[in-house]
Amino acid sequence: MSYADITIRDPNPIKRWMQHRRFTDALAVLKAAELSVRTRVLDFGAGDGELVRQMALIPLIEAFVYEPAPSLMAEARVKLAGLEFVMFTDNLDSVDSEIFDYVFCLEVFEHLPEKESLEALDQIHRLLKPDGIAVIGVPHELFLPAMIKGIFRMSRRYGHFDARPSNIFWAVLGRPPLQRPVAEICAGLPYHPHHLGFDYRALERLLQGRLRVERKWFSPLRILGAALNSEVYFLLRKAKPTFASEASARH
């Protein structure tokens with residue numbers, strides 16, 4: 001089963017629509033910028049490269065695909081074959097600092113343990129230009145959205161970690177289970193396979209000191225805020241260094 005089979009080609013029409021909506025929300029940031037010069041964009045944790053594929057319709061884009069999982073990178077290379085504006089990397093340490101105008105990171109942080117989350121945020125901070133913009137999108141897995149998603153998951157795989165009534169109950173109360181299963185998406189790359197248990201508020205705390213939240217919104221119906229939406233987006237810029245961190249750097 002390919003990555004697309006569980007995302008943009010999922011058998012459930014609502015899930016398919018939500019997947020397409022994620023790309024629409026992300027690309028709206030680029031389209032609103034009305035780019036007039038060549039713009040370098042990184043898709044951090046690109047999966048099968050669908051977001052970058054859709055960037056082909058936006059002029060002046062130079063896109064980098066970063067995907068550490070070999071199986072997903074292989075799918076991305078096939079999907080994006082022939083697109084001259086796309087480059088690939090599975091090792092960000094080899095990429096120069098402060099070269100990207102935009103960094104997009106969609107549906108990634110809900111899968112990362114805390115250590116890996118901090119490392120990812122540090123990389124995004126390093127790679128962004130001083131005036132660059134990062135867009136992070138994650139699922140909303142708390143309160144009423146947690147109940148709706150939980151019911152859907154129970155209909156598919158009752159009894160699994162993310163389809164267990166007790167776990168769903170605590171997520172609905174805003175206290176998701178802290179002990180989440182950890183697996184390896186590939187050798188040496190730990191991840192949480194389930195969305196349930198992810199708390200976007202914890203991610204927001206991790207951002208502090210690294211990236212500054214310029215705007216936060218919920219999707220697909222912004223007017224409803226956190227009450228009845230499935231996704232949360234952060235539009236971020238580099239945080240300005242504090243006096244303490246500047247003094248530490250000098251010494």
Side-chain angles (χ1 to χ4, degrees), residues 7-8 16-67 76 79-80 83 85-89 92 95 97-112 117 120-140 198 200-201 203-204 206-208 210-226 229-240:
T7 54
I8 59 173
R16 290 198 305 272
W17 179 79
M18 292 304 307
Q19 291 291 337
H20 286 286
R21 180 55 191 258
R22 290 183 182 115
F23 299 127
T24 300
D25 284 330
L27 293 172
V29 175
L30 285 177
K31 292 176 180 177
E34 298 182 350
L35 306 178
S36 58
V37 295
R38 183 159 295 280
T39 301
R40 189 171 285 175
V41 178
L42 171 66
D43 189 358
F44 188 108
D48 67 349
E50 178 62 25
L51 177 66
V52 171
R53 186 192 69 79
Q54 295 192 26
M55 285 182 191
L57 300 176
I58 302 175
L60 300 174
I61 292 292
E62 180 181 336
F64 281 66
V65 170
Y66 167 63
E67 176 49 62
K79 175 173 282 192
L80 302 174
L83 295 180
F85 71 97
V86 179
M87 282 159 279
F88 301 87
T89 182
L92 290 176
V95 179
S97 299
E98 297 189 341
I99 66 168
F100 291 105
D101 300 284
Y102 290 86
V103 174
F104 289 88
C105 185
L106 309 182
E107 300 292 301
V108 172
F109 279 97
E110 67 271 22
H111 294 295
L112 299 183
S117 292
L121 290 172
D122 286 341
Q123 283 281 30
I124 291 171
H125 182 276
R126 180 182 72 82
L127 294 165
L128 268 181
K129 289 182 177 180
D131 59 348
I133 291 174
V135 177
I136 294 177
V138 292
H140 184 9
F198 175 73
Y200 75 87
R201 301 169 301 183
L203 173 61
E204 198 164 3
L206 292 181
L207 293 171
Q208 295 175 12
R210 292 173 176 81
L211 297 165
R212 171 173 54 87
V213 179
E214 189 165 286
R215 184 156 54 96
K216 179 175 74 175
W217 71 95
F218 293 84
S219 179
L221 302 173
R222 294 194 189 191
I223 193 172
L224 296 179
N229 273 299
S230 62
E231 303 292 319
V232 191
Y233 288 89
F234 299 94
L235 191 146
L236 307 150
R237 293 187 184 271
K238 283 191 171 184
K240 294 180 179 179

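Computed from a predicted model, the values in this text were never measured in an experiment.
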Nearest heavy-atom contact between L80 and G49 is CD2-O, 3.5 Å
Review point. Are E204 and R201 within salt-bridge range, i.e. N to O under 4.0 Å?
Key: no
Kindly indicate, with the supporting measurements, whether the criterion side-chain contact (heavy atoms from CB on, under 4.5 Å) is fulfilled by Y233 and V29. CA-CA 11 Å; Y233 288 89; V29 175; over 6 Å; no
Value for CG (L42) from CD1 (I124), rounded to nearest 0.5 Å, stands at 8.0 Å
Would a distance-only check, ignoring hydrogens and angles, find a side-chain to backbone donor-acceptor pair under 3.5 Å from N229 to L221?
yes
Shortest non-hydrogen pair, D101 vs R38, comes out as OD2-O, 4.4 Å
Interatomic distance, CG@L30 vs CG@L51, rounded to 0.5 Å, equals 8.0 Å
Is there a donor-acceptor pair under 3.5 Å between the side chain of R237 and the backbone N or O of D131?
-> yes
Run the side-chain contact (heavy atoms from CB on, under 4.5 Å) test on Y66 and Q123 for me, step by step, so that the C-alpha distance in whole Å, both residues' side-chain angles and the decisive distance to 0.1 Å come before the verdict.
CA-CA 12 Å; Y66 167 63; Q123 283 281 30; over 6 Å; no
- What is the ring orientation for Y102 with F104, classed by angle as parallel under 30°, tilted 30 to 60°, or perpendicular over 60°? parallel
Note to self: The test is side-chain contact (heavy atoms from CB on, under 4.5 Å); show your working for I136 and L207 and say whether it passes.
What the structure shows: CA-CA 11 Å; I136 294 177; L207 293 171; 4.3 Å; yes
To the nearest 0.5 Å, atom CZ of R222 lies from atom CG of D25 at 6.5 Å
I'd like to know if E231 and R21 make a salt bridge, using a cut-off of under 4.0 Å between side-chain N and carboxylate O.
no
The ring pair (Phe, Tyr, Trp, His ring centres under 6.0 Å) partners of F218 (sequence neighbours excluded) come to H140, Y200
In terms of heavy-atom contacts, L60 and L35 come closest through CD1-O, 3.6 Å
_Side-chain donor or acceptor of Q208 paired with backbone N/O of L206 under 3.5 Å_ = no
*Looking only at atom types and distance, does a side-chain atom of K238 sit under 3.5 Å from a main-chain N or O of L128, one as donor and one as acceptor?*
yes
What one should report as the nearest heavy-atom pair of F100 and V41 is CD2-C, 3.8 Å
Sorted by chain and number, sequence neighbours left out, side-chain contact (heavy atoms from CB on, under 4.5 Å) with T7 holds for Y3, A4, Q19
When rounded to the nearest 0.5 Å, the distance separating CD of Q54 from OG1 of T24 is 6.5 Å
Nearest heavy-atom contact between V108 and G45 is CG2-O, 3.7 Å
d(L106 CG, R22 CZ) to nearest 0.5 Å is 9.0 Å
Residues D48 and K79: closest non-hydrogen pair is OD2-NZ, 3.0 Å
Between the CG atom in L203 and the CZ atom in F234, the distance rounded to the nearest 0.5 Å is 5.5 Å
